[in-house]
Amino acid sequence: MLITGAGLWADDDLVRPRWVRGTWSVDNGTIRRVSEELRDRARLVGFIVAGMVDAHCHIGLSVDGPVTVAEMARQAADTVASGVTLVRDCGVPVDNSAVKSLHGPRLIRCGRHIALPKRYIRGIPINVEDQQALPGVVAAEAARSDGWVKLVGDWIDRSRGGDSDLMPLWETPVLVDAVAAAHERGVRVAVHAFSHRVIDSLIEAGVDDIEHGSGIDSDQAAEIAARGIAVTPTLRQVELFADFAEQAGAKYPVYAATMNGMYARRREHFQMLMDAGVLLLMGTDSGGYQVHGSITGELSLWSQWGASPGFIVDAATWLSRRFLGSAGLGDGAAADFLVLDEDPTQDPASLARPRSVYVGGECVWQRP
């Protein structure tokens, strides 16, 4: 297949992609730029860009809990139709590896969430009875995953009654050993973290990606940026913090105040992370409160909260892809791309309105 148009293209994985007009060959699952002499034989398209990433996705989960393989297939189909060709599942309690054989997005599996008893959503995580056993549990999950494990870093500690609040789950030395156990096996660590008080321990432990990160302050953001730790801000999930506070308010007023405080600062906080130079990944947290294939809402909030169109396009495509170990569009790269009618640098939401979606050079979705 030959196509011609404007593409977000990089000559190699070490340089920043740039928009170029060109002609490309898609063959044997890869894409290459070819001579403009072939332009007359190529199909004219508007714009091509690497498929989007959902770096925080839970294919295998719905608001009602774990789902069947048939439902996973529907979730995968909804995801790829939204322009996402690569997902990191970020923790599910069921085996979702069957998704890899479907005509959907590429899947990076994190295994199950790892938590302490009664310190996360019931039925979702592996519960570690003795936190000293955490490094061993991490090592076991590392062997079953696709290069990532998922820890729950903080959650409400209801044992404090009316004074209950978000509290870290793990003692810092244990967390340090657990992250080291993952890294020794060539596996990276993503950590759920809402609160401010858990962040210093995550930085000290050397985690690779902080999920949500809504409690990060400016000093912590500077250190996170310096260390190359990524943050997946899941803005649509943060939009729900006021609802979480209202649900908990009468019984857990301290926790409610914490959630309301982060909700009130949410826009300024996101801007602070950008200003600090933190590597921000695109992620929806779909599979619970968010439905699969809902990345258009995430793109919209990034725009509303101050991210420029170019910043959003980069984060949604090649930047998140590179962090997860998958190339964007470049010579000989996997032909995972979107064909768009609209210029995404003018309207990033157009990324979620593709004309067609390709994975491995195969058209896996096309607009009816």
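Keep in mind that this is a model prediction, so the values were computed, not measured.
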If we count only N and O atoms by modelled type, under 3.5 Å, do the side chains of D209 and T232 hold a donor and an acceptor together? yes
Hey, are D146 and K100 close enough for a salt bridge, meaning a charged N less than 4.0 Å from a carboxylate O? yes
Taking only residues two or more places apart in sequence or in another chain, which ones pass salt bridge (charged side-chain N to carboxylate O under 4.0 Å, His left out) with E36? R39
Can you label the angle between the W302 ring and the F311 ring as parallel, tilted or perpendicular, going by 30° and 60°? tilted
Can we say D347 and R353 salt-bridge, meaning some charged N sits less than 4.0 Å from an Asp/Glu carboxylate O? yes
Scan side-chain atoms only and decide if D343 and T345 contain a donor-acceptor pair under the 3.5 Å cut-off. yes
Under 3.5 Å, which donor-acceptor pairs do the side chains of residues 354-363 form with other protein atoms, sequence neighbours left out?
unit_1 : atom_1 : unit_2 : atom_2 : d
R355   : NE     : D341   : OD1    : 2.7
R355   : NH2    : D341   : OD1    : 2.3
Y358   : OH     : R43    : NH2    : 3.2
E362   : OE2    : H103   : ND1    : 3.3

For A77, give me all partners under side-chain contact (heavy atoms from CB on, under 4.5 Å), at least two apart in sequence or on another chain. none
Who are the ring-ring contact (aromatic ring centres under 6.0 Å, His included) partners of W170, not counting sequence neighbours? none
Distance alone, cut at 3.5 Å: any donor-acceptor contact between the side chains of R321 and T85? yes
Assess whether a salt bridge exists between D336 and R106, defined as any Lys/Arg side-chain N lying under 4.0 Å from an Asp/Glu carboxylate O. yes
Under 4.0 Å between a Lys/Arg side-chain N and an Asp/Glu carboxylate O for D208 and R188? no
Using the six-membered ring wherever Trp is involved, compare the ring planes of H212 and F194 and label them parallel, tilted or perpendicular (cut-offs 30° and 60°). tilted
Find out whether the Lys NZ or Arg CZ of R109 is both under 6.0 angstrom from the six-membered ring centre of W148 and within 45° of the ring's axis. no
Is E37 atom CD crowded by more than 12 heavy atoms from other residues, nucleotides or ligands, each under 6.0 Å away? no
Under 3.5 Å side-chain donor-acceptor pair for E211 and H192: no
Who are the side-chain contact (heavy atoms from CB on, under 4.5 Å) partners of S159, not counting sequence neighbours? D157
Just distance, no hydrogens or angles: give the donor-acceptor pairs under 3.5 Å from side chains in residues 237-246, sequence neighbours left out.
unit_1 : atom_1 : unit_2 : atom_2 : d
Q237   : OE1    : Q290   : NE2    : 3.2
E239   : OE1    : R266   : NE     : 2.4
E239   : OE1    : R266   : NH2    : 3.3

Is it true that a side-chain atom of S201 and a backbone atom of T172 form a donor plus acceptor pair closer than 3.5 Å? no
